[in-house]
Amino acid sequence: MLKFSGLVVWRLGSRNIVRKYSAPGVTMFKSEKTDSPTNIPDKNVQTPESVGKESSRLVAAAFASLNSPEEDSKKKPSTKSIKLNRTQQLDGQILSANDVNSLLIVAENPVVSRRHALKMVSVLSEWSSSNKVKLSDFEKDPRFLKLCRILGRSSASQTMTSLTMAEDLGTVLGITGDDEAARLIANLSLPQMIKVMKALQQKGRRSTPLLRALSYNITKQPDPIDLKKSADLLFSMAALNFPDPVLLDRICNDVIESLPSNADNAVVSSVLVSLGLLKYRHEAALGALVEWAQARRDVCRPGDVVAAVVTLATLDYVPVHCDWLLETAVSLKEEEMVKASSWLDLVFSLLILDKAEQHHLASTLRPEFIDKLLSAGEIPIPSRRKLMTIDAYVGLKFPSTSPRLPEDISVGVPIVYTKEKSLYVQSIMDTFKSLVSSETFLRRECQSGMGFIYDAEFAVDSKCYPVPLDKAASRTDVHRIAVLGLDYHDLARKVPVPLGVNKLYSRLLELKGYKVLEIPYTDFNPKDKLVTRVQYIEKRLKQLVSQ
């Protein structure tokens, strides 16, 4: 290359093309075989109008090469990105396939993963079950036989049987894509669906698409679900926190039908425990389970009685024919419990149901019992809160009782709102600003010292006019109001009533001289207009004061 006085640039070669640049007097001669001119800015290049068609084509090609950065042309893609692109291409081809041939073309790829083989065979299984294609259309195809070998199957029929009948449940659980696995659920039998649900619970895999597919397909099964399978399903749903209302209702109805032929009290206890964990108040099923236990009281163990009472207390529901169960629970002794925590759960449940006697309550506050709890390690926060609530009830109902709960048990127990509860309570407090504007009239987020927090406290006279809190204590014509907001987690499912523990909190506040204003989320919508929310609270407040 020769360069003269910065104005004319010569490049040696054949079929030179004249290029003009924006700077006056600058001319460039360039051959057909060009190098990338990195020393000239792209934005200054202009196509000459005087050249012929062939020259224009060559110039356009040269300009196109200038538009792509030099470093990109030299940069080589990584092995990982190539693999990812290939995987994405195969996924796209499988997704867009609409017949056997277009699907099996993917199998011609030299490297087909087990995941892609599962995808393709599951699509073929779906097409076969919907009569879109026949097994004979592809069972002898070498490409399909290749997929069979990848999946470890010796024949086409064995591969399709394992998918259609799900003999290998790992096929469903092994598929990476939950949507693909969910497609296979419809081909499973009822026992196999339940096995998949149990496997998900054991793996701790809460796949919403897969769980929804299981729930839908189990619900529409015509065959009844026996009691053992019902217990397995309920336990898995509780462990995975998947309280599907349609499936729960179906299971409870089948439980009622299968109870008369059942002879296993352990299964009944399992069903009761799971209903309590799910907070599902199916009153007909609960009544049937309690009646079954009472009819076979000779085989009911203390643990079975505790399980039933804890669930009834959780849901704040006592069936009509429940006398024997409650009488047996009250007569149980601490020595009959396998663990100290079971005795605490029983006493707390009896307290919720208003069946606990003074000696029950006092037994949980003794230093010896506290030592038993501590022998298993640090006392969990929920158990410490139960002890605080029992101690508060004893102090209000039986003030002369001793001993009382050691102070160190309640130290450091966090009593705070969850994020959802905090938002709901905030909407209630925003509404109260229109009723009680000054902080001298309203106290928020009140620590009860009884193992729970209540949302607000204020005082009104008989005409519902606010009274300053510092003057309310000395006046007898004043109503002290405690506010308890009840969000989704504070109410039972199916029958949206406050859970037993929330009812207990209201009783404790009433023992302290408050009238409790409960505001459930079913009646109070934070999205309603402010005037609607204010009118609701005013109405509830007048009803409370008039009582």
Side-chain angles (χ1 to χ4, degrees), residues 238-239 241 269 272-274 276-279 302-316 329-330 332-399 401-418 421 445-454 489-490 499-509 511-512:
N241 191 23
S269 292
L272 279 167
V273 169
S274 296
L277 293 173
L278 289 162
K279 301 176 184 177
D304 301 326
V305 174
V306 173
V309 171
V310 168
T311 292
L312 295 179
T314 299
L315 301 171
D316 192 35
V330 171
L332 288 175
K333 301 290 189 293
E334 181 184 341
E335 295 76 21
E336 298 178 74
M337 301 295 107
V338 177
K339 298 185 294 184
S341 58
S342 299
W343 178 250
L344 176 61
D345 292 339
L346 175 62
V347 172
F348 189 74
S349 299
L350 290 174
L351 178 58
I352 290 175
L353 297 172
D354 203 16
K355 299 293 182 181
E357 298 176 0
Q358 185 176 354
H359 69 90
H360 292 124
L361 303 171
S363 68
T364 62
L365 304 178
R366 292 182 296 106
E368 296 84 0
F369 181 74
I370 302 298
D371 290 339
K372 287 183 182 179
L373 291 174
L374 288 170
S375 65
E378 183 71 21
I379 301 177
I381 296 299
S383 296
R384 292 165 72 181
R385 292 180 63 179
K386 288 177 183 178
L387 290 169
M388 292 171 65
T389 303
I390 292 173
D391 182 65
Y393 184 85
V394 168
L396 293 168
K397 198 75 174 178
F398 312 106
T401 300
S402 62
R404 299 292 298 277
L405 187 69
E407 292 184 4
D408 60 319
I409 298 298
S410 57
V411 172
V413 176
I415 304 175
V416 294
Y417 294 127
T418 61
K421 182 68 174 283
E445 295 187 22
C446 307
Q447 294 287 346
S448 66
M450 299 184 288
F452 66 96
I453 186 173
Y454 58 103
H489 299 286
D490 297 320
L499 295 171
V501 68
N502 296 98
K503 283 293 186 182
L504 176 59
Y505 295 160
S506 295
R507 280 168 49 205
L508 286 168
L509 290 170
L511 286 173
K512 294 193 73 172

>> Looking at Met337, is its backbone amide N or carbonyl O close enough to the side chain of Ser342 to form a donor-acceptor pair, meaning the two atoms are under 3.5 Å apart?
In response: no

> In Å, rounded to the nearest 0.5 Å, how long is the span from CD1 of Ile453 to OH of Tyr505?
Replying inline: 11.5 Å

>> Give me each pair satisfying salt bridge (charged side-chain N to carboxylate O under 4.0 Å, His left out) with a member in residues 336-353, each pair once, sequence neighbours excluded.
In response: Asp345-Lys386

>> Under the rule for side-chain contact (heavy atoms from CB on, under 4.5 Å), what residues qualify as partners of Thr418, not counting sequence neighbours?
In response: Glu420, Lys421

>> So which atom in Leu499 and which in Asp316 form the shortest heavy-atom distance, rounded to 0.1 Å?
In response: C-CB, 4.3 Å

>> Restricting to non-hydrogen atoms, name the atom on Ala329 and the atom on Leu346 that form the minimum distance, rounded to 0.1 Å.
In response: O-CD2, 4.0 Å

>> Just verifying a value: how many Å separate Leu374 CG and Ile379 CD1, rounded to the nearest 0.5 Å?
In response: 4.0 Å

> Closest approach of Thr314 and Gly276, non-hydrogen atoms and distance?
Replying inline: CG2-O, 3.7 Å

> Would Leu373 and Ser383 satisfy side chain to side chain contact (heavy atoms under 4.5 Å, CB included), going step by step from the backbone distance to the final call?
Replying inline: CA-CA 9 Å; Leu373 291 174; Ser383 296; 5.7 Å; no

>> Under the criterion side chain to side chain contact (heavy atoms under 4.5 Å, CB included), I'd like the reasoning laid out for Glu445 against Val416: C-alpha separation, chi angles, the key distance, then a yes or no.
In response: CA-CA 9 Å; Glu445 295 187 22; Val416 294; over 6 Å; no

> Could you give the distance from CG (Asp371) to OG (Ser375), rounded to the nearest 0.5 Å?
Replying inline: 8.0 Å

> Hey, is the main chain of Ile409 close enough, under 3.5 Å, to the side chain of Arg384 for a donor-acceptor pair?
Replying inline: yes

> With side chains defined as the heavy atoms from C-beta onward, is the minimum distance between Met450 and Leu509 less than 4.5 Å?
Replying inline: yes

> Between Arg366 and Glu368, is the closest basic N to carboxylate O distance under 4.0 Å?
Replying inline: yes

> With the threshold set at 4.0 Å, does a side-chain nitrogen-carboxylate oxygen contact exist between Arg404 and Asp391?
Replying inline: yes

>> Going by side-chain hydrogen bond (donor to acceptor under 3.5 Å, both in side chains), Glu357 matches just one of Lys355, His360, His359. Which one?
In response: His359

>> For a quick test of reading the model, state the closest non-hydrogen atom pair linking Leu272 to Thr311 and the distance between them.
In response: O-OG1, 2.7 Å

>> Is the shortest side-chain heavy-atom distance between Pro406 and Pro367 below 4.5 Å?
In response: no

> Can you tell me how far CG of Asn502 sits from CZ of Arg507, rounded to the nearest 0.5 angstrom?
Replying inline: 12.5 Å

> Given the rule in the side chain to side chain contact (heavy atoms under 4.5 Å, CB included) test, do Phe369 and Glu334 qualify, once you have shown the distances and angles that lead to the verdict?
Replying inline: CA-CA 10 Å; Phe369 181 74; Glu334 181 184 341; 3.3 Å; yes

>> Nearest 0.5 angstrom please: Ser506 OG to Leu508 CG, how far?
In response: 9.0 Å

>> Using the rule given for side chain to side chain contact (heavy atoms under 4.5 Å, CB included), can you reason through Val501 versus Thr389, listing the C-alpha separation, both sets of side-chain angles and the distance that settles it, and then say yes or no?
In response: CA-CA 10 Å; Val501 68; Thr389 303; over 6 Å; no

>> Could you report the tightest heavy-atom contact between Lys333 and Trp343, atom names first, then the distance?
In response: C-CZ3, 3.6 Å

>> Quick check for you: to the nearest 0.5 Å, what is the distance between Ser410 atom OG and Met388 atom CE?
In response: 5.0 Å

> Considering all heavy atoms of both residues, which atom of Gly451 and which atom of Ile415 are nearest to each other, and what is their separation?
Replying inline: C-CD1, 3.8 Å

> Applying the side-chain contact (heavy atoms from CB on, under 4.5 Å) test to Phe348, which of Leu387, Ile390, Leu353, Val310 qualifies?
Replying inline: Ile390

>> Quick one: does any side-chain atom of Thr364 pair with a main-chain N or O of Leu361 as donor and acceptor, under 3.5 Å?
In response: yes

